[in-house]
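Some notes on the structure that comes next.
Counting starts at 1 for both ligands and their atoms, following the listed order.
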Amino acid sequence: MIDLLLRGCRLPHRDGLADVAIAAGRIAAIGRIEEAARETVEARGRVVTPGLVEAHIHVDKALLSGRVTGSAGTVEEAIRLTGEAKRRFTVEDIRNRARQVLELAIAAGTTAMRTHVEVDPIVGLKGMEAVLPLKREYAAALDLQVSAFAQEGILQAPGTEALLRQALTMGADLVGGVPYNDTDAIGHIAIVFSLAREFGVDADFHVDFFDEAEHLHIREIARQTIAAGWQGRVAVGHLTELAALPVAEQEAIIADIAAAGIGVICLPATDLYLMGRRDARNVRRGLTPIRRLLAAGVPVALATNNVRNPFTPVGTADLADMAFIAAVASHMGTPEDLSELVATLTVHPARILRLPDYGLDVGCRADLVVWECERPEDVVAALPPRALVVKDGRVTIEHERRTRARWREEPARP
Ligand SMILES: [Zn+2]
């Protein structure tokens with residue numbers, strides 16, 4: 001018996017319309033389906049994509065506007081301002097803000113998410129205590145991966161390594177580092193890899209987040225990824241410095257990234273907001289070279305990063321916004337480019353998060369979004385509302401909207 005039948009779907013990379021049959025949480029058939037179903041949804045030619053995958057967000061420090069004074073002009077300032085707010089975080093406070101972000105993301109079609117959660121001598125394990133239980137609380141709507149993230153550094157913040165180990169013992173899914181915010185970047189990277197190997201988990205780095213190519217820690221991460229045999233299990237976020245290099249040097253590093261099987265996560269809202277601050281004219285964009293990375297076969301995800309805090313004062317936790325921004329900021333405007341941007345919200349981040357059985361093939365987990373548009377590229381170009389979100393074969397979100405053009409109904413006053 002079919003549990004859910006989506007009739008008349010426009011699927012990316014497929015001509016014409018198709019029905020999608022879902023049974024036992026998985027896609028059971030795609031094509032013309034006559035069988036009866038427990039629930040049938042008429043897609044009427046609307047686009048259906050796999051569920052959106054948020055590869056990099058910080059739910060623990062989201063929604064701080066109102067309690068942080070001053071706005072950050074640099075990465076260092078954003079870390080300092082957020083660090084001050086963090087001293088007053090409580091478990092309940094973190095969990096409430098995290099829940100609000102999860103609700104926004106789920107309503108927008110996100111069915112899997114990796115969140116970084118800070119672990120350091122300031123906040124201790126409060127973030128872990130707050131966020132880890134949300135994995136189960138939200139499991140029916142979203143797969144949540146929690147990264148134990150050393151935002152304040154490891155070597156310059158004594159006690160952090162032991163806290164990271166505790167967080168991983170508590171159930172964190174992976175370990176996150178930030179080599180540019182430490183006294184010894186290479187030592188920092190080595191500790192992250194030693195924890196990854198000790199616990200058998202993936203690693204995710206905030207890396208090279210400056211205007212000029214002054215760190216390029218990515219080279220050391222690629223080297224240690226191969227030395228650890230961790231190919232396919234490492235991601236890096238930001239990597240804005242790569243864009244500052246001459247093209248030939250970019251290509252050489254991109255070849256190393258591809259060889260190490262590292263995924264790259266571009267965070268367009270934060271990167272555009274915090275990069276280029278010293279440029280008085282011709283302000284640079286500060287985005288990693290998305291198109292060049294994609295051309296080399298590197299999985300590239302676009303992700304939200306921060307939602308309304310000193311790193312990024314705006315944010316909706318709707319991933320489609322990030323593709324819209326990147327289309328403009330990275331000059332990706334052809335129908336092929338826009339379709340590739342849809343992949344940076346879906347199949348690429350799914351690969352980076354190593355989500356099993358993800359996609360629009362028979363046998364895949366039925367995580368789907370029905371969009372209010374009829375061309376796949378309009379997912380990015382038109383930011384259409386979501387009609388329906390499906391997680392593991394069950395409808396999780398149904399949006400109803402009604403717009404009344406009252407100006408047409410009522411005569412204008414004389
Ligand atoms: Zn981040």
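Here His116 does not reach the Zn ion (ligand 1): none of its N/O/S atoms is less than 2.8 Å from the metal. Counting backbone and side-chain atoms alike, His58 contributes an N/O/S atom closer than 2.8 Å to the Zn ion (ligand 1).
Cation-pi geometry between Arg277 and Tyr273 is met: under 6.0 angstrom from the ring centre, within 45 degrees of the axis.
Screening Phe193, Phe149, Trp230 for a ring pair (Phe, Tyr, Trp, His ring centres under 6.0 Å) with Phe205, the sole residue that qualifies is Phe193. A side chain to side chain donor-acceptor pair (under 3.5 Å) with Asp173 is found for one member of Lys135, Gln145, Arg114 and no other, namely Lys135.
Note: angle at the Zn ion (ligand 1), from NE2 of His206 to OD1 of Asn305, is 170° (rounded to 10 degrees).
Salt bridge Asp378/Arg10: absent, no basic N to carboxylate O contact under 4.0 Å.
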